[in-house]
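Beneath this line is the structure, given in C-alpha coordinates, with notes to follow.
Model, not experiment: these values are computed from the prediction.
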Amino acid sequence: MAENDPARPAPEPAVVPGQNLLGIPPTLLPEDHPDVEVAEAVREGADPRELAAGHPDASLAWALLAQEALSDGDDVAAYAYARTGYHRGLDALRRAGWRGQGPIPASHAPNRGFLHALALLGEAASRIGERDEAERIIAFLREADPTLVP
(Lines give C-alpha, C1' and ligand atoms only; values in the text may rest on other atoms or scores of the structure.)
Protein backbone atom coordinates (compact mmCIF):
# COMPACT_ATOMS: atom_id res chain seq x y z
CA MET A 1 0.00 0.00 0.00
CA ALA A 2 1.41 3.41 -0.96
CA GLU A 3 2.14 5.95 1.78
CA ASN A 4 -0.44 8.44 0.45
CA ASP A 5 -3.05 5.77 -0.20
CA PRO A 6 -6.44 7.01 1.08
CA ALA A 7 -7.34 3.44 2.05
CA ARG A 8 -4.49 3.41 4.53
CA PRO A 9 -5.64 4.36 8.05
CA ALA A 10 -4.27 7.60 9.40
CA PRO A 11 -1.69 7.19 12.15
CA GLU A 12 -2.85 7.74 15.71
CA PRO A 13 -1.91 11.20 17.01
CA ALA A 14 1.11 11.22 19.32
CA VAL A 15 -0.73 13.44 21.79
CA VAL A 16 -4.42 13.19 22.55
CA PRO A 17 -5.98 16.55 23.54
CA GLY A 18 -6.36 16.65 27.31
CA GLN A 19 -4.03 13.70 27.80
CA ASN A 20 -2.06 13.69 31.06
CA LEU A 21 1.46 13.61 29.63
CA LEU A 22 3.15 13.63 33.03
CA GLY A 23 1.46 10.40 34.12
CA ILE A 24 0.31 12.03 37.35
CA PRO A 25 -2.57 10.05 38.84
CA PRO A 26 -5.84 11.92 39.30
CA THR A 27 -6.55 13.45 42.67
CA LEU A 28 -9.82 12.30 44.16
CA LEU A 29 -11.23 13.96 47.24
CA PRO A 30 -12.50 11.43 49.79
CA GLU A 31 -16.04 10.12 49.48
CA ASP A 32 -16.86 11.63 52.88
CA HIS A 33 -15.74 15.14 51.87
CA PRO A 34 -18.17 17.81 53.16
CA ASP A 35 -19.18 18.73 49.59
CA VAL A 36 -20.99 15.39 49.34
CA GLU A 37 -23.17 16.25 52.35
CA VAL A 38 -23.69 19.80 51.06
CA ALA A 39 -24.77 18.50 47.62
CA GLU A 40 -27.36 16.26 49.28
CA ALA A 41 -28.62 19.13 51.46
CA VAL A 42 -28.95 21.36 48.38
CA ARG A 43 -31.06 18.69 46.66
CA GLU A 44 -33.29 18.79 49.76
CA GLY A 45 -33.65 22.58 49.51
CA ALA A 46 -31.16 23.79 52.13
CA ASP A 47 -30.10 27.43 52.15
CA PRO A 48 -26.52 27.95 50.83
CA ARG A 49 -25.80 30.53 53.56
CA GLU A 50 -26.68 28.05 56.28
CA LEU A 51 -24.62 25.39 54.51
CA ALA A 52 -21.57 27.68 54.31
CA ALA A 53 -21.92 28.52 58.01
CA GLY A 54 -22.36 24.87 58.96
CA HIS A 55 -19.73 23.53 56.56
CA PRO A 56 -17.15 26.29 56.02
CA ASP A 57 -14.73 23.72 54.60
CA ALA A 58 -17.15 22.78 51.77
CA SER A 59 -16.20 24.42 48.48
CA LEU A 60 -19.64 23.73 47.09
CA ALA A 61 -21.38 25.90 49.69
CA TRP A 62 -19.14 28.85 48.78
CA ALA A 63 -19.60 28.16 45.07
CA LEU A 64 -23.37 28.31 45.51
CA LEU A 65 -23.08 31.67 47.26
CA ALA A 66 -20.82 32.91 44.45
CA GLN A 67 -23.30 31.74 41.84
CA GLU A 68 -26.12 33.52 43.66
CA ALA A 69 -24.07 36.74 43.92
CA LEU A 70 -23.21 36.62 40.20
CA SER A 71 -26.90 36.20 39.40
CA ASP A 72 -27.65 39.25 41.57
CA GLY A 73 -24.94 41.30 39.83
CA ASP A 74 -22.75 41.49 42.94
CA ASP A 75 -19.48 40.58 41.23
CA VAL A 76 -17.25 41.58 44.15
CA ALA A 77 -19.13 39.36 46.62
CA ALA A 78 -19.11 36.55 44.05
CA TYR A 79 -15.35 36.88 43.74
CA ALA A 80 -14.92 36.71 47.52
CA TYR A 81 -17.22 33.70 47.89
CA ALA A 82 -15.62 31.85 44.97
CA ARG A 83 -12.11 32.58 46.26
CA THR A 84 -13.08 31.18 49.66
CA GLY A 85 -14.41 28.01 48.03
CA TYR A 86 -11.30 27.75 45.88
CA HIS A 87 -8.96 28.01 48.88
CA ARG A 88 -10.99 25.53 50.93
CA GLY A 89 -10.77 23.15 47.97
CA LEU A 90 -7.01 23.61 47.59
CA ASP A 91 -6.60 22.69 51.25
CA ALA A 92 -8.66 19.52 50.75
CA LEU A 93 -6.83 18.60 47.55
CA ARG A 94 -3.46 18.95 49.24
CA ARG A 95 -4.64 16.70 52.09
CA ALA A 96 -5.69 14.20 49.39
CA GLY A 97 -2.17 14.18 47.92
CA TRP A 98 -2.40 16.81 45.18
CA ARG A 99 0.93 18.54 44.59
CA GLY A 100 -0.13 21.46 42.42
CA GLN A 101 -0.60 19.68 39.12
CA GLY A 102 -2.39 16.79 37.53
CA PRO A 103 -5.97 15.75 36.92
CA ILE A 104 -8.84 16.61 39.24
CA PRO A 105 -11.67 14.84 37.42
CA ALA A 106 -15.18 16.27 37.57
CA SER A 107 -16.50 12.75 37.08
CA HIS A 108 -15.65 12.19 40.77
CA ALA A 109 -18.54 13.82 42.68
CA PRO A 110 -16.52 15.08 45.70
CA ASN A 111 -14.25 17.07 43.31
CA ARG A 112 -17.12 19.02 41.77
CA GLY A 113 -17.52 21.66 44.50
CA PHE A 114 -13.90 22.75 44.11
CA LEU A 115 -14.12 22.78 40.31
CA HIS A 116 -17.38 24.75 40.46
CA ALA A 117 -15.83 27.32 42.82
CA LEU A 118 -12.80 27.56 40.53
CA ALA A 119 -14.93 28.14 37.44
CA LEU A 120 -16.98 30.80 39.24
CA LEU A 121 -13.79 32.45 40.47
CA GLY A 122 -12.74 32.75 36.84
CA GLU A 123 -16.09 34.25 35.88
CA ALA A 124 -16.03 36.72 38.77
CA ALA A 125 -12.40 37.64 38.07
CA SER A 126 -13.31 38.38 34.48
CA ARG A 127 -16.25 40.53 35.54
CA ILE A 128 -14.14 42.67 37.86
CA GLY A 129 -11.43 43.14 35.23
CA GLU A 130 -8.88 40.58 36.46
CA ARG A 131 -8.25 39.24 32.93
CA ASP A 132 -4.88 37.62 33.73
CA GLU A 133 -6.36 35.72 36.65
CA ALA A 134 -9.35 34.64 34.55
CA GLU A 135 -6.96 33.25 31.90
CA ARG A 136 -4.89 31.41 34.51
CA ILE A 137 -8.06 29.85 35.88
CA ILE A 138 -9.10 28.64 32.43
CA ALA A 139 -5.68 26.99 32.06
CA PHE A 140 -6.04 25.46 35.55
CA LEU A 141 -9.49 24.09 34.71
CA ARG A 142 -8.20 22.69 31.42
CA GLU A 143 -5.38 20.89 33.24
CA ALA A 144 -7.68 19.65 36.01
CA ASP A 145 -10.30 18.25 33.64
CA PRO A 146 -10.17 19.07 29.92
CA THR A 147 -13.87 18.25 29.55
CA LEU A 148 -14.71 21.42 31.52
CA VAL A 149 -13.27 23.94 29.07
CA PRO A 150 -14.08 23.98 25.36
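- Contact of the Trp98 side chain with the Leu90 side chain is registered, since non-hydrogen atoms from C-beta on lie closer than 4.5 Å.
- Each side chain to side chain donor-acceptor pair (under 3.5 Å) pair with one or both residues in residues 26-36, not counting sequence neighbours, would appear here, but there are none.
- Counting only heavy atoms from C-beta outward, the side chains of Asp47 and Leu51 never approach each other to under 4.5 Å.
- Contact of the Glu37 side chain with the Glu40 side chain is not registered, since no non-hydrogen atoms from C-beta on lie closer than 4.5 Å.
- Taking all atoms of both residues into account, the shortest heavy-atom contact from Ala134 to Gly122 is CB-O, 3.7 Å.
- Heavy atoms only, all atoms of each residue included: Ser59 and Gly85 are closest at OG-O, 2.7 Å.
- Tyr86 places none of its side-chain heavy atoms less than 4.5 Å from the side chain of Tyr81.
- Counted within 6.0 Å of CD on Glu123, heavy atoms from surrounding residues, nucleotides or ligands total more than 12; the atom is thus considered enclosed.
- Residue Leu115 comes nearest to Ile104 through the heavy atom pair CD1-O, 3.3 Å, listed as atom of the first residue, atom of the second, then distance.
- Looking at Ile24 and Gln101, their side chains come closer than 4.5 Å, going by heavy atoms from C-beta outward.
- Between the side chain of Arg94 and the main chain of Arg99, no donor-acceptor pair closer than 3.5 Å is present.
- A 4.5 Å side-chain heavy-atom check between Asp91 and Asp57 finds every atom pair outside the cut-off.
- Here the side chains of Leu65 and Arg49 are in contact, with some heavy-atom distance below 4.5 Å.
- A 4.5 Å side-chain heavy-atom check between Pro105 and Leu28 finds at least one atom pair inside the cut-off.
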